[in-house]
Amino acid sequence: MSTTMHAPLDATAVPRTAQAPRMTAWAAYLLVGAGALIMLAPFYFMFVFATHSRTEIFSLPPPMWFGDDFLANVDILTKRLPFWRNLGLSLYVGLCNTGLTLLFCSMGGYAFAMYEFRFKKALFALVMGTMLLPSFMNMIPSFMIMDLLGWIDQPRALYIPGAASAFGIFLMRQFISSAVPRELVEAARMDGCGELGIYARIVLPLLKPALGTLGLITFISSWNNFIGPLVVMRSPDMYTLPLALRSLQSPVDTEWGALMAGSAIATLPLIVLFVLCSRQLISGLTVGAVK
């Protein structure tokens, strides 16, 4: 009888078939990490330059760490601009725009999702068709309408025209179609609840994920809006932050430290908002995608 001797198996050895997915995962992590560093670099240097003077910013090599001139830059900023008024105006316009958009878009999405009426498909196609128009095509008509209404240099010209956005109506309509059972609405009608009561007591509480997502997107878009204030705002006291910071630049004498300080202060609310609401944003955009 012959015996065959086998070499002992190494328990720590990893098969090549298992090594390939692991190497692929590490390569993906490295690629994503490199992309994240490239995307975060402008923000890092913005905060660094906000703490240095103009001379230090243009020195070679440029500063790579934080300095001691942040308060001096803020002082220059507030002397050249009504900065805190511009900041408050941006906050006011953003909150008004967000609140009106959530109200009108949720009502429009609810109507398109739950009601049957004549020309419903044609009207919804018309609303979606407005998303195909480039924004710059609306500049001259918007200015003419605002001038006719007497809203030039008025904050209401920045948040009332865009209160019912096509994207918001589409998002609400899709969410309501998938998340609000039609039987629940019919049962409420049979119990004698009015249409406004159904909307306020039944539909709105179920729309919290979509409302949070749309509210975050709308506020960020309003906060960063530059073209709208450029068209309708005339006096520096009525500038929002993007337009105010742009007016600080000049071909010969730009205080880049003050400009970076203003940009950093303007960016901080968005960073805090995104950190607090990023999970809400992702869940609202992906709800209904996986059953």
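Note that the numbering runs from 1 along the sequence shown for the chain. Computed from heavy atoms alone, side chains included, the values below leave out hydrogens, waters and symmetry copies.
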Q. Is a side-chain N or O of D153 found less than 3.5 angstrom from the main chain of S235, in a donor-acceptor match?
A. yes

Q. Is N225 reaching over with its side chain to a backbone N or O of S221, donor-acceptor style, under 3.5 angstrom?
A. no

Q.
Within this structure, what is the CG-CZ distance for the pair L148 and F143, rounded to the nearest 0.5 Å?
A. 11.5 Å

Q | Heavy-atom donor-acceptor pair, T78 side chain to D75 backbone, under 3.5 Å | A | yes

Q: Could you tell me which residues satisfy side chain to side chain contact (heavy atoms under 4.5 Å, CB included) with I57, sequence neighbours excluded, listed by chain and number?
A: F49, H52, W256

Q.
Between K120 and E116, does any NZ, NE, NH1 or NH2 come within less than 4.0 Å of an OD or OE carboxylate oxygen?
A. yes

Residues 261-269, side-chain donor-acceptor partners within the protein, below 3.5 Å, at least two apart:
{"unit_1": "S263", "atom_1": "OG", "unit_2": "L259", "atom_2": "O", "d": "2.9"}
{"unit_1": "T267", "atom_1": "OG1", "unit_2": "S263", "atom_2": "O", "d": "2.6"}

(Q) According to a hydrophobic-cluster definition based on side-chain heavy atoms being under 4.5 Å apart (Ile, Leu, Val, Met, Phe, Trp, Tyr only), do M131 and L126 belong together? (A) no

Q: Give a yes or no on whether the backbone of V48 and the side-chain of T51 come within a donor-acceptor separation of less than 3.5 Å.
A: yes

Q | F124 six-ring centre to R173 NZ/CZ under 6.0 Å and within 45° of normal | A | yes

**Q.** Shared hydrophobic cluster for M39 and M46 (ILVMFWY, side-chain gaps under 4.5 Å)
**A.** no

Q. To the nearest 0.5 Å, how far apart are SG in C96 and CD1 in I160?
A. 8.5 Å

Q: Could you tell me whether a side-chain N or O of Y110 sits under 3.5 Å from a main-chain N or O of L204, the two making a donor and an acceptor?
A: no

Q) Could you give the distance from CD1 (I152) to CE (M233), rounded to the nearest 0.5 Å? A) 8.5 Å

Q | Of all pairs that satisfy ring pair (Phe, Tyr, Trp, His ring centres under 6.0 Å), the ones with a partner from residues 221-254, not counting sequence neighbours | A | F219-W223

Q. How many angstroms lie between atom CG of L71 and atom CG of L77, to the nearest 0.5 angstrom?
A. 12.0 Å

Q) Do you reckon L216 sits in the same ILVMFWY cluster as V275, going by side-chain contacts under 4.5 Å, direct or chained? A) yes

Q. Between CG of L207 and CD1 of I202, what distance do you get to the nearest 0.5 Å?
A. 11.5 Å

Q | S165 side-chain N/O to G168 backbone N/O, donor-acceptor pair under 3.5 Å | A | yes

Q. Quick one: do the S90 and N86 side chains pair a donor with an acceptor below 3.5 Å?
A. no

(Q) For residues M260 and F83: do they belong to one hydrophobic cluster (side chain heavy atoms under 4.5 Å, members Ile, Leu, Val, Met, Phe, Trp, Tyr)? (A) yes

**Q.** Heavy-atom side-chain proximity of L206 to F175 below 4.5 angstrom
**A.** no

Q. Can a cation-pi geometry be assigned to R189 and Y115, taking NZ or CZ under 6.0 Å from the six-membered ring centre and within 45° of the ring axis?
A. yes

Q) Are D69 and R54 close enough for a salt bridge, meaning some N to O gap below 4.0 Å? A) no

Q | Backbone of T218 reached by a side-chain donor or acceptor of S222 within 3.5 Å | A | no

Q | Main-chain N/O of A113 paired with R182 side-chain donor or acceptor, under 3.5 Å | A | yes

